[in-house]
Amino acid sequence: MLASGLTPNAISVIGIGFAALGAWALIEAPNHPSLYLAAAFGIQLRLLCNMLDGMVAVEGGKGSATGPLYNEAPDRIEDSLLLIAAGYATPWWWIGWLAALLAMFTAYVRALGGSLGFGQDFRGPMAKPHRMAALTLGCLAALGEALWLETRYALAIALAIIVVGAALTGIRRVLGISHALRDAAP
């Protein structure tokens, strides 16, 4: 990856492309169940880009002034694309929107803690890697479900787990900031 000449920012943008392909696959998957597998690959390739951009920036010495922006903004776009699309692959479209909103909230609270001078809090139980693992497993379960049962509940269950976990994650992070603020008070 270092020899390719790709910058960390370009790798981050490529991740958006993989997320968009995964989102398209999720929307089409109820009519073409094999696309659940394509969606799972899109999710994992998005995560791979997320890992590689940091490695190229740090280990390859290719970081830039806009690196922090490109490290965060694409993640929010990718989460939203995949979670919202997953909702439309279930009987309850709104659960994807709720999952995306809560994923955005957990990232906001993490960044808020950092802006207040505390270390960014990556604790879960449903931080980004956990959300994407749950969504990937949901896609694989949805493929099996579509092939053998012809129902569409597996992905909805995965999204429900993400919703509950992301809400708990947001609460834990808010409480962590609250405790840090109280501890730092004179």
Do the side chain of [X] and the main chain of [Y] share a donor and acceptor less than 3.5 angstrom apart?
X	Y	answer
Glu78	Ile16	yes
Thr90	Trp92	yes
His32	Ala29	no
Arg173	Thr106	yes

Atom [atom1] in [X], atom [atom2] in [Y]: separation rounded to 0.5 Å?
X	Y	atom1	atom2	answer
Ile11	Asn50	CD1	CG	11.0 Å
Ile14	Arg46	CD1	CZ	14.5 Å
Glu28	Tyr36	CD	OH	11.0 Å
Thr136	Leu47	OG1	CG	6.5 Å
Arg172	Leu168	CZ	CG	8.5 Å
Leu175	Asp121	CG	CG	10.5 Å

Within-4.5 Å side-chain heavy-atom neighbours: [X] and [Y]:
X	Y	result
Pro129	Phe122	no
Leu81	Ile77	yes
Pro30	Arg152	yes
Cys49	Phe18	yes
Cys139	Ile43	yes
Thr7	Lys62	no
Asp79	Met104	no
Phe105	Val174	yes

Full working for side-chain hydrogen bond (donor to acceptor under 3.5 Å, both in side chains) between Asn9 and Asp53: CA-CA 7 Å; Asn9 295 356; Asp53 68 353; over 6 Å; no
Heavy atoms only: give me the nearest [X]-[Y] pair and the separation to one decimal.
X	Y	answer
Ala103	Arg131	CB-NE, 3.5 Å
Leu159	Leu135	CD2-CD1, 4.3 Å
Met132	Leu82	SD-CD1, 4.0 Å
Ala40	Leu140	CB-CD2, 4.1 Å
Pro33	Leu147	CB-CD2, 4.4 Å
Ala142	Ala154	N-CB, 3.7 Å

Is [X] linked to [Y] within one hydrophobic cluster, defined over Ile, Leu, Val, Met, Phe, Trp and Tyr using a side-chain heavy-atom separation of less than 4.5 Å?
X	Y	result
Leu21	Leu26	no
Tyr70	Val56	no
Trp94	Val163	yes
Leu6	Met51	yes
Tyr108	Leu102	no

Selection residues 87-114 - residue pairs positive for salt bridge (Lys or Arg N to Asp or Glu O under 4.0 Å), sequence neighbours left out: Glu72-Arg110
Distance-only side-chain donor-acceptor flag, Trp97 / Tyr88, under 3.5 Å: yes
Over 12 non-hydrogen atoms of neighbours within 6.0 angstrom of CZ in Phe118: yes
